[in-house]
Amino acid sequence: MGWWVEDTMSLPNGTVILISWVTWVIGSIILHELAHGWTALKLGDTTPRDLGHMTWNPLVHMGPVALIIFALLGITWGQMPVDPTRLRGRYGDVLVSIAGPGMNVLLAIASIVGLIAWVFGGRAAGVDEPLYSNFTLFFQFGIMLNIALALFNMIPIMPLDGGRIATSLIPAYARFAESENGRWVMLGGFMLVFWFAGGFIFLPGILLSELVSIAISAPSPFGP
């Protein structure tokens with residue numbers, strides 16, 4: 001097993017897979033974080049704008065370290081500064097937290113619509129190969145990745161969005177998460193999920209992408 005870029009390029013359609021992965025990972029994370037920021041601004045917290053995070057610049061959302069990790073390992077993360085004390089409403093922090101995964105769900109839906117439109121439009125227009133299959137694969141990756149990001153971020157472990165939602169809604173959970181032992185448990189849980197749950201997290205997105213592809217008779221994104 002070598003560098004993930006080399007491994008990807010060695011696959012059939014490796015160039016298309018690499019471009020799709022990079023585009024969807026960076027684009028989805030930027031929109032995920034901006035969704036947090038847009039919701040925070042609507043609820044009265046100007047921190048995202050004050051700190052210059054309401055931008056499309058991936059360096060702002062992910063930072064040099066996360067982008068280096070992405071270059072090395074193919075995985076990364078983002079962040080959006082929010083001050084929960086400035087949010088209006090009892091459930092302001094919950095709404096801000098759920099906005100990110102909600103954006104990923106919307107992107108998955110947009111990918112499904114895009115895939116259907118491309119497959120039927122491409123057939124009607126007589127689009128040639130490999131363009132037809134390349135864009136089909138691109139939309140299939142959008143479905144898979146964004147479903148995975150939504151599920152991953154909704155896991156109730158800090159600092160994931162699901163953890164913030166759980167601590168906002170369940171006082172006992174918040175007290176545990178803020179305790180010394182709780183912080184270690186959260187850190188350990190996060191690392192275990194981050195490194196070992198990938199297959200489970202991606203499975204629903206893979207299955208959904210396959211089902212949509214079968215329904216519209218599109219080429220399978222994951223082999224014959």
Side-chain angles (χ1 to χ4, degrees), residues 1-8 11 17-18 20-22 24-33 35-36 58 61-82 84 93-108 111 140-210 221-222:
M1 184 176 182
W3 185 32
W4 72 278
V5 173
E6 292 180 343
D7 292 340
T8 302
L11 298 171
I17 293 173
L18 180 62
S20 299
W21 183 260
V22 171
W24 279 113
V25 167
I26 294 179
S28 298
I29 288 177
I30 289 173
L31 284 167
H32 175 108
E33 300 304 336
H36 287 313
H61 295 291
M62 287 173 263
V65 173
L67 288 173
I68 290 171
I69 295 296
F70 183 54
L72 294 175
L73 302 177
I75 54 176
T76 190
W77 61 89
Q79 58 181 349
M80 175 62 69
V82 174
D93 199 21
V94 172
L95 294 174
V96 170
S97 298
I98 206 169
M103 174 60 75
N104 293 123
V105 172
L106 289 177
L107 288 171
S111 298
Q140 290 165 334
F141 263 81
I143 299 169
M144 176 194 70
L145 180 64
N146 278 287
I147 292 296
L149 286 173
L151 292 173
F152 176 74
N153 278 283
M154 286 302 293
I155 296 173
I157 297 175
M158 295 293 286
L160 298 175
D161 296 321
R164 295 185 64 87
I165 294 169
T167 55
S168 296
L169 296 176
I170 308 172
Y173 191 80
R175 289 192 296 271
F176 171 72
E178 293 167 1
S179 68
E180 184 176 354
N181 289 337
R183 284 193 289 268
W184 282 107
V185 169
M186 293 292 165
L187 177 61
F190 173 78
M191 295 190 68
L192 286 172
V193 168
F194 191 83
W195 287 110
F196 298 111
F200 299 103
I201 294 298
F202 278 96
L203 183 58
I206 291 172
L207 292 175
L208 178 59
S209 182
E210 287 275 16
F222 307 105

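Throughout, residue positions are numbered sequentially from 1 according to the sequence presented. Because the structure is a prediction, the values reported are computed rather than measured. Below, all heavy atoms of this structure are taken into account, side chains as well, without hydrogens, waters or symmetry copies.
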Can you see which heavy atom on [X] is nearest to which on [Y], and at what distance?
X      : Y      : result
Thr76  : Ala66  : OG1-O, 2.8 Å
Asp161 : Pro101 : OD2-CD, 3.4 Å
Pro58  : Ile26  : CB-CG2, 3.9 Å
Met103 : Leu31  : CG-O, 3.5 Å
Ala177 : Met186 : CB-CE, 3.9 Å
Ser209 : Gln140 : OG-CB, 3.3 Å

Separation of [Y] [atom2] from [X] [atom1] (nearest 0.5 Å):
X      : Y      : atom1 : atom2 : value
Leu203 : Met144 : CG    : CE    : 11.5 Å
Leu151 : Asn104 : CG    : CG    : 9.5 Å
Leu149 : Leu145 : CG    : CG    : 4.5 Å
Asn146 : Trp24  : CG    : CH2   : 6.0 Å
Met80  : His61  : CE    : NE2   : 5.0 Å
Phe70  : Trp21  : CZ    : CH2   : 7.5 Å

Original post:
Any donor and acceptor pair, going by atom type alone, linking the side chain of Ser168 with main-chain N or O of Arg164 inside 3.5 Å?
Top reply: yes
Original post:
Within the distance-only criterion (no hydrogens, no angle test), does the side chain of Trp4 pair as donor or acceptor with the backbone N or O of Ala71 below 3.5 angstrom?
Top reply: yes
Original post:
Once the angle between the rings of His36 and His32 is folded into 0 to 90°, is it parallel (under 30°), tilted (30 to 60°) or perpendicular (over 60°)?
Top reply: perpendicular
Subject >> Heavy-atom neighbours of Ile98 CD1 exceed 12 at 6.0 Å >> reply: no
